[in-house]
Colleague: 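Sharing a structure here in structure tokens format.
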Amino acid sequence: MKTLVIAEKPDMGRNIAAVIEPKAKNARTYIEGEQFIITWAIGHLIGLAEPDAYDDKYKKWNINDLPIIPEHFKLKPNPKTKDQLKVIAELAKRSDKLINACDAGREGQHIFSLIQQHLKLRQPVQRLWISDLTPETIRKGFDELRDGSEFVNLSKAARARSEADWLIGMNGSRAFTTKHNVLLSVGRVQTPVLALVYDRQKEIDAFSSAKFYDVEAYFKQGDSEYKGLWQGERIQDEEKAKAIAAKVRGKDGIIQSYEVKDTREYPFKLYDLTLLQREANAKFGFSAKKTLDLAQALYEKHKVITYPRTTSNYVTEQNIPQMHKSLEQLRGTDYAKWAGQADKKYVHKNNKSVCNPAKVEDHHAILPTNKMARNLAPDEAKIYDLIVRRFLSHFYPPAEYKVHTIMTEVEKEEFKTTIKQLLSEGWKVIYADQKKDAKKTRSKKSKEDEDEAQNEEEVTTPFDLNAKEGVHCVNSEAKEKETQPPKSYTEGTLLKAMESAGKQIEDEELRDAMKDSGLGTPATRAAIIERLKQVGYIVMKGKRIVITQKGKMAVEVIRGAGVDLLTSPEMTGQWERRLNEIAKGTASDENFMANVKKFATMIIGKVKVQPRVAKESFEEKETEAAKPSRSRKKTTAGQKENTASGTAASTSKKSATKSAAKKTKTQTGGETGQTLPPDQLTSKTKMVTAGIAPCPRTGCEGTLIMGRRGYGCSHYKTGCTFVIWKDQFGVSLEREDIAALAQSGKTARSYTLEDGGQNREGFLVLLDPETGMIGIGS
């Protein structure tokens, strides 16, 4: 018999097969060689069953049937990928050993564990645990396979995460939705993240702006000139500020103190996923999901970076030789001008800003591999460029500065100056070509950003003063400023807040310590943000995240029910920490789940006695947002990332389209989807006068009707859960499309469709007549 290797996705399986069975036969759904059979899972083949799998009464949403707490959770194969599950089952019958080659992380472990559990596989298991897909790493990984028993605790943590999300999501969503007669999606992680956005908006709304005045003076001593900022309590009287400016203008002064310090600036930390997503959002406006998808393609398809879903910014001693090899490879690329000057001596085991094994758990920081990057799409190249430059910067010396701190006194008024004089660029030479772009970006910044800039000037020319000599104030002026409200979240700053469970922690070490108790994981945070867009809780206005009326009311009714803990970032962050402790074997999954069940029961008790809120309270006022466009016009990737989406009902059409296409109404798990009544698809459903087409669901005699965000069945009240979302794959489906899909299983015309970051021509086809899931066909 042979050994069955189960990878997470086809590309992974093919990469592995090319190394361990180069002469193997490709059978499309698996690859078979002399010793190994390699197949794949295509992501989640199995999920937790819907409530109606436990009792038919749960087909209807009734608050009196809650809480739903299964004694044992049932599993359900994904109907879209059931054929691949059958392939694995048949291959397992011919195998006496299994190798888990799914992604080396909690979710990858969960995917394999569910397959093993559902198919009742009893063969001994070994674990492939690797961080990149280069042939060398795969070969080394197979030489060092680990026993599956080492990952029992990781499997327990993954299962606890999944079941906890189901309990909170299913019970919370059904409770609040039936109580208030409006779809209110609730989740163990998504709700605290929404609360972060809500609380920030409340701060902004409550902010009262106030004017104040800065006095700036310009001094000269010989050939040296510099600017100083008046020191004292904030001036709110314009006349007082003007009087100080007039008092010192044209007068002589003295240098009260002059201090010069030599300082060094070291390269920024290597990327973990969250930091990469934050910087890609700030620099390119990419959503968290887009950055994750691009990084995954660089890892899986192109094999030019290491595993991207990492929480670490450091490497271990074992990674140092590989980093040196990657540097050599880069010397033969477009990065040769920087790689050629890079020095390996700076990257060694004693450099704690790079090599810190204590801060590396499952995976090290994201690094370029020694594989040449070819044929990258433009956006893939942007992410690769970020990673390569950050990597190369650590092979350079620190940037060196002289920092001049000057206190100048004129007419008994004090002015402070800080000047950073660049002595040596060091690692910053790698970013020198981006300085022009940075200046353009700065020129477009808002007044508030300028006001927040530190009163610090950086110069590249020599600067020197004689502290014993006087100075002359050549000019001075009073500048009107205005206090600024807290900034709205962008996806980048929201990721930062999620990482530290909402605490605004600037200290890097303290923020690192909070990583184990953040909201979600690097692998799931992008999906959480997309989920909030999908259900109409937030919309994008440029880079800014704006909470909708529905999102505001969701937080208010949850808090109003007395279940504030459900919106608490700190509390949910502690749950995430507990899951990490379960994975390490230092906490009990049974205790964790017992507490989650108690919490779910408490939520239901609170909601049952809560007064119902008027449905209109959840609706956007027409003046607050523009009506959504129904255009089929194709947009560029940049437009998708930066266009506001209209009302809550339109729910960020451009940025969430691909996510919505993958998330159907029958998904489970709380954080990625909920079964919801078709009349609750938006805050206010508009029904058509006549049905569009008969409902395709087996045994259902209903007809399809139109809501603002989807087409659902008229028999939703008796349990039919069929729905087709309007906006999928970059097009907005209309009545004739739905009629064709329902009656013939295929749209009558083809479109330019968005598929995994690429545009291609194709028809839309109905993949599952039970749920309404659609896909791309030819």
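Just so it is clear, the structure is predicted and the values come from calculations on it, not from any experiment. When reading the values below, keep in mind they use all heavy atoms of this one structure, side chains included, and skip hydrogens, waters and symmetry mates.
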Colleague: Can you tell whether the side chains of Glu413 and Lys247 come within less than 4.0 Å, N to carboxylate O?
Modeller: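 Yes.
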
Colleague: How far does CD of Gln201 sit from OG1 of Thr548, to the nearest 0.5 angstrom?
Modeller: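 Answer rounded to 0.5 Å: 11.0 Å.
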
Colleague: Assess whether a salt bridge exists between Arg389 and Asp433, defined as any Lys/Arg side-chain N lying under 4.0 Å from an Asp/Glu carboxylate O.
Modeller: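 Answer for the salt bridge query: yes.
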
Colleague: More than 12 heavy atoms of other residues, nucleotides or ligands under 6.0 Å from CG of Asp334: yes or no?
Modeller: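 No, the 6.0 Å shell around CG holds no more than 12 heavy atoms from other groups.
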
Colleague: With a cut-off of under 6.0 Å to the ring centre and 45° to the axis, is Lys428 in cation-pi contact with Tyr431?
Modeller: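 Judged by the rule, Lys428 and Tyr431 form no cation-pi pair.
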
Colleague: Is the count of non-hydrogen atoms from other residues, nucleotides or ligands lying under 6.0 Å from Met407 atom CE greater than 12?
Modeller: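 Yes, because the 6.0 Å sphere around CE of Met407 holds more than 12 heavy atoms from other groups.
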
Colleague: Are more than 12 heavy atoms from other residues, nucleotides or ligands located less than 6.0 Å from atom CG of Asp343?
Modeller: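 Counting other residues, nucleotides and ligands, CG of Asp343 exceeds 12 neighbours.
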
Colleague: Rounded to the nearest 0.5 Å, what's the gap from CD1 on Ile528 to CG on Leu495? Could you check?
Modeller: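 Separation between the atoms: 11.0 Å.
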
Colleague: Could you walk me through whether Tyr213 and Asp237 satisfy the side-chain hydrogen bond (donor to acceptor under 3.5 Å, both in side chains) test, starting with their C-alpha distance in whole Å, then the side-chain angles of each, then the deciding distance to 0.1 Å, before giving a yes or no?
Modeller: CA-CA 7 Å; Tyr213 299 86; Asp237 182 345; over 6 Å; no

Colleague: Can you spot which of Trp338, Tyr346, Phe391, Phe268 makes a ring-ring contact (aromatic ring centres under 6.0 Å, His included) with Trp427?
Modeller: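 The passing option is Phe268.
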
Colleague: So how far is it from Lys412 NZ to Glu414 CD, rounded to the nearest 0.5 Å?
Modeller: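 Lys412 atom NZ to Glu414 atom CD measures 12.0 Å (nearest 0.5 Å).
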
Colleague: How close do Val410 and Val248 get, heavy atom to heavy atom, and via which atoms?
Modeller: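 That closest heavy-atom pairing would be O-CG1, 3.6 Å.
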
Colleague: Do Arg278 and Thr493 have side-chain N/O donor and acceptor atoms under 3.5 Å apart?
Modeller: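 Short answer, no.
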
Colleague: Work out which heavy atom in Lys402 is nearest to a heavy atom in Leu423; give both atom names and the distance.
Modeller: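 Distance-wise, the nearest heavy atoms are CG-CD1, 3.7 Å.
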
Colleague: Among Glu556, Arg559, Lys552, exactly one meets side-chain hydrogen bond (donor to acceptor under 3.5 Å, both in side chains) together with Tyr198. Which residue is that?
Modeller: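 Of Glu556, Arg559, Lys552, side-chain hydrogen bond (donor to acceptor under 3.5 Å, both in side chains) with Tyr198 is met by Glu556 alone.
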
Colleague: Less than 4.0 angstrom from a charged side-chain N to a carboxylate O is my criterion; do Glu499 and Lys496 meet it?
Modeller: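 Looking at Glu499 and Lys496, the cut-off is not met.
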
Colleague: Could you tell me whether Lys242 and Glu238 have a side-chain N and a carboxylate O separated by less than 4.0 Å?
Modeller: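 Yes, this pair counts.
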
Colleague: Atom CD of Glu458 and atom CD1 of Ile419: how far apart are they, to the nearest 0.5 Å?
Modeller: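 Those atoms lie 11.5 Å apart.
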
Colleague: Are there over 12 heavy-atom neighbours, none belonging to Lys344, within less than 6.0 Å of that residue's NZ?
Modeller: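 For Lys344, atom NZ is crowded (more than 12 foreign heavy atoms under 6.0 Å).
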
Colleague: Which atom names give the shortest non-hydrogen contact between Gln190 and Arg531, and what distance separates them?
Modeller: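 So the two residues come closest at OE1-CG, 3.1 Å.
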
Colleague: For His394 versus Pro267, what's the shortest heavy-atom pair and its separation?
Modeller: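 Closest heavy-atom pair between His394 and Pro267: CE1-CB, 3.8 Å.
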
Colleague: Can you tell me if Thr572 uses its side chain to pair, donor with acceptor, with the backbone of Ser568 under 3.5 Å?
Modeller: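 Yes: the side chain of Thr572 pairs with the backbone of Ser568.
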
Colleague: Would you compute the distance between atom OG1 of Thr417 and atom OH of Tyr218 and round it to the nearest 0.5 angstrom?
Modeller: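 So the OG1 of Thr417 and the OH of Tyr218 are separated by 11.0 Å.
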
Colleague: What distance separates Leu465 CG from Phe219 CZ, expressed to the nearest 0.5 Å?
Modeller: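 Nearest 0.5 Å value for the CG-CZ distance: 11.0 Å.
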
Colleague: Where do Leu519 and Pro192 come nearest, in terms of heavy atoms and distance?
Modeller: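 Leu519 and Pro192 have their closest heavy atoms at CD2-CB, 4.0 Å.
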
Colleague: Considering only NZ, NE, NH1 and NH2 on the basic side and carboxylate oxygens on the acidic side, decide whether Lys220 and Glu225 come within less than 4.0 Å.
Modeller: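 Between Glu225 and Lys220 there is a salt bridge, with a charged N closer than 4.0 Å to a carboxylate O.
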
Colleague: Looking at every non-hydrogen atom in both residues, tell me the closest pair between Pro308 and Leu273 and how far apart they are.
Modeller: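 Minimum heavy-atom separation between Pro308 and Leu273: O-CB, 3.1 Å.
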
Colleague: Do Lys227 and Glu457 meet the salt-bridge criterion of a basic N to acidic O distance under 4.0 Å?
Modeller: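 No, this pair does not count.
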
Colleague: Is it the case that over 12 heavy atoms from other parts of the model lie below 6.0 angstrom from the NZ atom of Lys211?
Modeller: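 No.
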
Colleague: Salt bridge or not between Glu491 and Lys533? Use side-chain N to carboxylate O under 4.0 Å.
Modeller: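 Salt bridge flag = yes for Lys533 with Glu491.
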
Colleague: Decide ring pair (Phe, Tyr, Trp, His ring centres under 6.0 Å) for Phe463 and His404; before the verdict, give the C-alpha distance in whole Å, the side-chain angles of both, and the deciding distance to 0.1 Å.
Modeller: CA-CA 8 Å; Phe463 179 86; His404 305 257; 5.1 Å; yes

Colleague: With a 4.0 Å cut-off on N to O distance, would you call Glu265 and Lys420 a salt bridge?
Modeller: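 A salt bridge is present here (some side-chain N lies under 4.0 Å from a carboxylate O).
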
Colleague: So, are Lys479 and Glu216 salt-bridged, with charged N and O less than 4.0 Å apart?
Modeller: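 Looking at Lys479 and Glu216, the cut-off is met.
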
Colleague: With a 4.0 Å cut-off on N to O distance, would you call Asp272 and Arg390 a salt bridge?
Modeller: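 Looking at Arg390 together with Asp272, the answer is no, because their closest N to O distance does not fall below 4.0 Å.
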
